[in-house]
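Here the structure is laid out as structure tokens; the discussion comes afterwards.
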2 protein chains.
Amino acid sequence: MSTEEKILEAAEAIFIKDGYDGARMQDIADRAEINKAMLHYYFRSKDQLFERVFNEKAKFFFPEIAGVFSKDNTFIEKMEEFVELYIHFINQYPFIPFFIIRTINTSGKESFIEKLPFKDSLAPPIFNSYFQDSQKGLVAEINPLQFVLSVIGMCIFPFLGRPILQHAFDLKPEQFTELMELRINELKIYIRKILTP
Amino acid sequence: MSTEEKILEAAEAIFIKDGYDGARMQDIADRAEINKAMLHYYFRSKDQLFERVFNEKAKFFFPEIAGVFSKDNTFIEKMEEFVELYIHFINQYPFIPFFIIRTINTSGKESFIEKLPFKDSLAPPIFNSYFQDSQKGLVAEINPLQFVLSVIGMCIFPFLGRPILQHAFDLKPEQFTELMELRINELKIYIRKILTP
DNA sequence: AAATGAATTAACCAAATGGTTAAACCAAAA
DNA sequence: TTTTGGTTTAACCATTTGGTTAATTCATTT
């Protein structure tokens, strides 16, 4: 593994664990098993290293949904698929949601919002698909924005509140992951109930 | 206003805005318009000052629901009331959810989890009420834990992702608050659809 | 008015932190 | 074999940060 890769891997781990403010350049260097000066040699500054890490992780906050929303099925079916895709997705990177939420709520890091694919890639296909089925009477009348926020919230919240959950129900990491896998079908039921006309 | 109150008020604002790692004692002193040494005179250390602030804010993460869940109505009605109460509640302290989520996910601050009223005060009455109505066939069969996580997630997520929302839809703070007020009725509809047998 | 004790301040301190530098290392080209 | 240029290291630097101290101010008690 190249030095640059070692640094990036260590920086990811430390920034995801501690956030920008909590992360220490020395911790990243130690984890990458290199000299601290190398961090600056390869990435100039903490800011630039963080930006590089964020850019590579931003796409893992919202999944790529083109595949789901180009299919020729109903909005309800699409949303069910979306939930399955999304929870599987986050289960593979369970600490990304908090990393992203923390970053966009951190003073001085507001501009990172623009790097998230929500506005351009996620919301429009969902809204379009809803309006199409809505005109055909295939879906209940809901507010699509409020609905999308609800679905994302249902999917993501357990990962943000994970420490509370693990404490309250004494869950081991595997048990948490399993609970989230079971969650997929539960949310599919909720979504179908909400959206059935 | 006493010096102690001035400090606490400033510390709240800074810790909520910047988190423990991002907060600077000097910033708190400046905001309180007092000498930095006074912070230590009154609260000894950054840790103790933070703990004091967290303890006072922890109760605003989950609302007091005794009133709602002692009523003689159905689980569905209770949950509708809960959502109304909860969103109103968070709308008054819109930055508390992120403050709490950030803290319990911060290394070294895990022990603060225990100060949240979820395990002892929030979950049990909800679960009990569900099982009562479930036996009477008054409510659809769902997994109460997954359901509670969903409701909390639906209520809270927009406040955590607020910067994304405000950016994507160009919302002013008043507009955001109004969107959340409208959200109450939308979520009530979702909940009734999910829970109706 | 003198004494007392808490409240407040300015100056200071040690450690930590992001970042720099000059020298050393090392593999490939000439 | 020497040169070259990228890579790595140890030592160093300026600033920031949480925290301390000793002196001073101020209100209250005697």
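Sequence lines set the chain letters: A, B, ... in the order given, protein chains first and strands last, and positions in each chain run from 1.
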Want to settle it: does A/Asn35 or A/Arg24 sit nearer the 5' end of DNA chain C, counting the closest nucleotide to each? A/Arg24
Counting only side-chain N and O atoms of B/Arg44, is one of them less than 4.0 Å from OP1 or OP2 of D/dG19? no
Check ion pair A/Lys115-A/Glu51 (N to O, under 4.0 angstrom): yes
To the nearest angstrom, how far is B/Asp27 atom CG from D/dT16 atom P? 12 Å
Whether A/Glu77 and A/Lys71 form a salt bridge (side-chain N of Lys/Arg under 4.0 Å from carboxylate O of Asp/Glu) is what I want to check. no
Whether B/Phe50 and B/Phe15 hold their rings parallel, tilted or perpendicular, with breakpoints at 30° and 60°: perpendicular
Value in whole Å for how far the P atom of D/dT24 lies from OH of B/Tyr41: 18 Å
Presence of salt bridge, B/Asp18 and B/Arg102, under 4.0 angstrom: no
For a 4.0 angstrom threshold against heavy atoms of chain A, report the outermost contacting nucleotides of DNA chain C in 5' to 3' order. C/dT17 to C/dT21
Answer with base, sugar-phosphate or nothing: what part of the nucleic acid does A/Ala23 contact at a heavy-atom distance below 4.0 Å? sugar-phosphate
Return the value, rounded to whole Å, for the distance between atom CG of A/Leu39 and atom C1' of D/dT9. 13 Å
Expressed in angstrom and rounded to an integer, what is the separation of B/Met25 atom CE from D/dG19 atom C1'? 8 Å
Could you check how far CD of B/Gln48 sits from P of D/dG18, rounded to whole Å? 15 Å
Among the candidates D/dT8, D/dT21, D/dG18, find the nucleotide nearest to the side-chain atoms of A/Tyr42. D/dT8
Measure from NZ or CZ of B/Lys46 to the centre of the six-membered ring of B/Tyr20 and say whether it is under 6.0 Å with the direction within 45° of the ring axis. yes
Between B/Phe54 and B/Phe99, how do the two ring planes meet: parallel, tilted or perpendicular, split at 30° and 60°? tilted
On the side chain of B/Lys36, is there an atom forming a donor-acceptor pair with the base of D/dG19 - under 3.5 Å, no angle test? yes
Could you tell me whether B/Met38 contacts a base, only the sugar-phosphate backbone, or nothing, with contacts defined as non-hydrogen atoms closer than 4.0 Å? base
Establish, from distance only, whether the side-chain atoms of B/Gln26 and B/Asp30 form a donor-acceptor pair under 3.5 Å. yes
Rounded interatomic separation in angstrom, taking NE2 from A/His40 and C1' from D/dC12: 14 Å
